[in-house]
*Asks:* 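Below are the structure tokens for one structure; questions will follow.
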Amino acid sequence: MHSDARPPLGLTLAAIGGLLFLHLPIVLIFLYAFTTEDRSYQFPPPDLTTKWFGVAWNRADIWPPLYLSLRVAAISSGLALVLGTLCAAAMARARFFGRDTVSLLVVLPIALPGIITGMSLRSAFAIADIPFSTWTIVLGHATFCIVIVYNNAVARFRRLGSSMLEASADLGANSFQTFRHVILPNLGSALLAGGMLAFALSFDEVIVTTFTAGQQSTLPIWMLNELVRPRQRPVTNVVAIVVFMATFLPILAAYYLTRGGEETAGGGK
């Protein structure tokens with residue numbers, strides 16, 4: 001029996017309170033990007049202005065961290081798409097001793113605290129005498145980006161089953177044709193969602209980056225340094241809006257791509 005009764009008032013107020021608790025701080029970031037006060041966060045702001053967007057655009061120290069963040073996120077996502085998909089295919093299609101243990105080891109990096117991952121990678125780079133570079137950051141981000149893609153791909157592989165692959169083989173298709181015409185179309189949305197979510201998580205990652213970047217600065221690290229040593233503080237909020245959009249839009253797209261299926265987008269650091 002379906003009921004059209006409204007939820008209790010207390011439950012509605014609790015839901016509204018929870019949403020405000022989660023999202024009101026984000027609204028404040030947007031608000032303080034328009035304040036005329038350049039040193040402190042007065043509430044309400046003394047006045048509103050859009051000048052900080054122009055100031056941020058002309059700040060030369062913002063662009064290198066932005067380009068580095070975009071480059072690292074793109075490479076990490078591409079690497080995760082390849083390795084995460086191959087790993088998902090092995091876990092979903094093969095049967096071997098210790099399969100569940102291997103599957104646990106694959107998803108373990110997303111469950112570990114970022115500081116543990118960062119410390120272990122920094123130690124490994126020091127032992128191997130690997131200098132800090134863009135690639136050390138990429139390797140750090142790939143540890144959790146691969147898990148994001150893997151979670152999406154393995155769930156779609158399990159839904160795909162083996163009957164379609166067997167039918168393709170019965171009809172004379174070789175392995176490449178089966179991959180191109182059967183597997184890839186069915187995996188497409190899951191891989192796209194996993195790649196976009198991996199990009200978003202890589203773009204705003206701080207803890208692992210701190211241990212693997214050396215003297216380099218990604219955009220989130222630049223923001224952290226600006227908060228410690230405030231200079232034109234509203235500019236940091238303008239950059240925060242950029243980071244918000246760069247992460248929110250891929251996550252939103254990933255949600256719409258996977259909401260009708262059983263694949264999971266994975267967790268964030």
Side-chain angles (χ1 to χ4, degrees), residues 18-38 41 43 45 48-81 114 134 137-138 140-142 144-145 148-149 152 189-210 213 216-227 230-259 265-269:
L19 290 174
L20 290 176
F21 175 78
L22 290 172
H23 300 296
L24 188 58
I26 299 176
V27 176
L28 292 177
I29 287 177
F30 278 73
L31 176 64
Y32 284 126
F34 294 92
T35 183
T36 55
E37 178 58 51
D38 66 345
Y41 291 143
F43 188 84
L48 299 178
T49 180
T50 59
K51 76 171 186 177
W52 300 114
F53 287 84
V55 173
W57 181 267
N58 293 311
R59 283 273 297 266
D61 59 323
I62 293 177
W63 295 102
L66 174 60
Y67 293 147
L68 179 59
S69 291
L70 290 172
R71 187 163 64 251
V72 167
I75 298 174
S76 299
S77 301
L79 185 63
L81 280 171
T134 299
I137 307 176
V138 168
H141 289 197
F144 57 86
C145 287
I148 302 301
V149 175
N152 284 271
S189 62
L191 294 182
L192 184 60
M196 288 188 296
L197 186 55
F199 180 92
L201 294 180
S202 174
F203 187 84
D204 67 2
E205 214 292 320
V206 175
I207 300 176
V208 174
T209 308
T210 302
Q216 301 172 100
S217 178
T218 60
L219 196 60
I221 292 180
W222 178 91
M223 294 171 61
L224 186 61
N225 292 333
E226 284 292 299
L227 290 174
R231 178 165 66 98
Q232 297 178 331
R233 182 169 283 179
V235 171
T236 308
N237 291 273
V238 172
V239 176
I241 294 177
V242 175
V243 174
F244 174 83
M245 298 305 296
T247 55
F248 173 75
L249 293 178
I251 290 174
L252 182 65
Y255 166 76
Y256 278 106
L257 285 170
T258 60
R259 62 177 178 171
K269 280 288 187 185

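Each residue takes its place number in the sequence, starting with 1. In this text, all values refer to a predicted model and were calculated from it rather than measured experimentally.
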*Asks:* Between S202 and V72, is any pair of side-chain heavy atoms under 4.5 Å apart?
*Replies:* yes
*Asks:* Scan the side chains in residues 190-198 for donor-acceptor partners under 3.5 Å anywhere in the protein, sequence neighbours excluded, and list what turns up.
*Replies:*
none

*Asks:* Residues in ring pair (Phe, Tyr, Trp, His ring centres under 6.0 Å) with F244, at least two apart?
*Replies:* F30, F248
*Asks:* Minimum heavy-atom separation for D61 and P65, please, with both atom names.
*Replies:* O-CD, 3.2 Å
*Asks:* Partners of S69 by side-chain hydrogen bond (donor to acceptor under 3.5 Å, both in side chains), sequence neighbours excluded?
*Replies:* none
*Asks:* Tell me, please, which residues at least two apart from W63 pass side-chain contact (heavy atoms from CB on, under 4.5 Å).
*Replies:* W57, L66, Y67
*Asks:* When rounded to the nearest 0.5 angstrom, what is the spacing between CZ in F53 and CG in N237?
*Replies:* 9.5 Å
*Asks:* So, using side-chain hydrogen bond (donor to acceptor under 3.5 Å, both in side chains) as the criterion, who are the partners of D204 when residues are at least two apart?
*Replies:* none
*Asks:* Roughly how far, to the nearest 0.5 Å, is CD1 of I137 from CD of E205?
*Replies:* 10.0 Å
*Asks:* What residues form a side-chain hydrogen bond (donor to acceptor under 3.5 Å, both in side chains) with T218, not counting sequence neighbours?
*Replies:* none
*Asks:* Any idea which heavy atoms bring F203 and T247 closest together, and the distance?
*Replies:* CD2-CG2, 4.3 Å
*Asks:* Does some side-chain heavy atom of T210 sit less than 4.5 Å from a side-chain heavy atom of V206?
*Replies:* yes
*Asks:* Apply side-chain contact (heavy atoms from CB on, under 4.5 Å) to I62 and list each qualifying residue two or more places apart in sequence or on a separate chain.
*Replies:* A56, R59, L219, W222, V235, V239
*Asks:* Among residues at least two apart in sequence or on other chains, which ones pass side-chain contact (heavy atoms from CB on, under 4.5 Å) with L20?
*Replies:* I16
*Asks:* Measuring from atom CG of L224 to atom OG1 of T209, what distance do you get when rounded to the nearest 0.5 angstrom?
*Replies:* 11.0 Å
*Asks:* Can you tell me how far the CG atom of L31 sits from the CD1 atom of I26, to the nearest 0.5 Å?
*Replies:* 14.0 Å
*Asks:* Listed by chain and number, what are the side-chain contact (heavy atoms from CB on, under 4.5 Å) partners of T49, not counting sequence neighbours?
*Replies:* T36, K51, W52
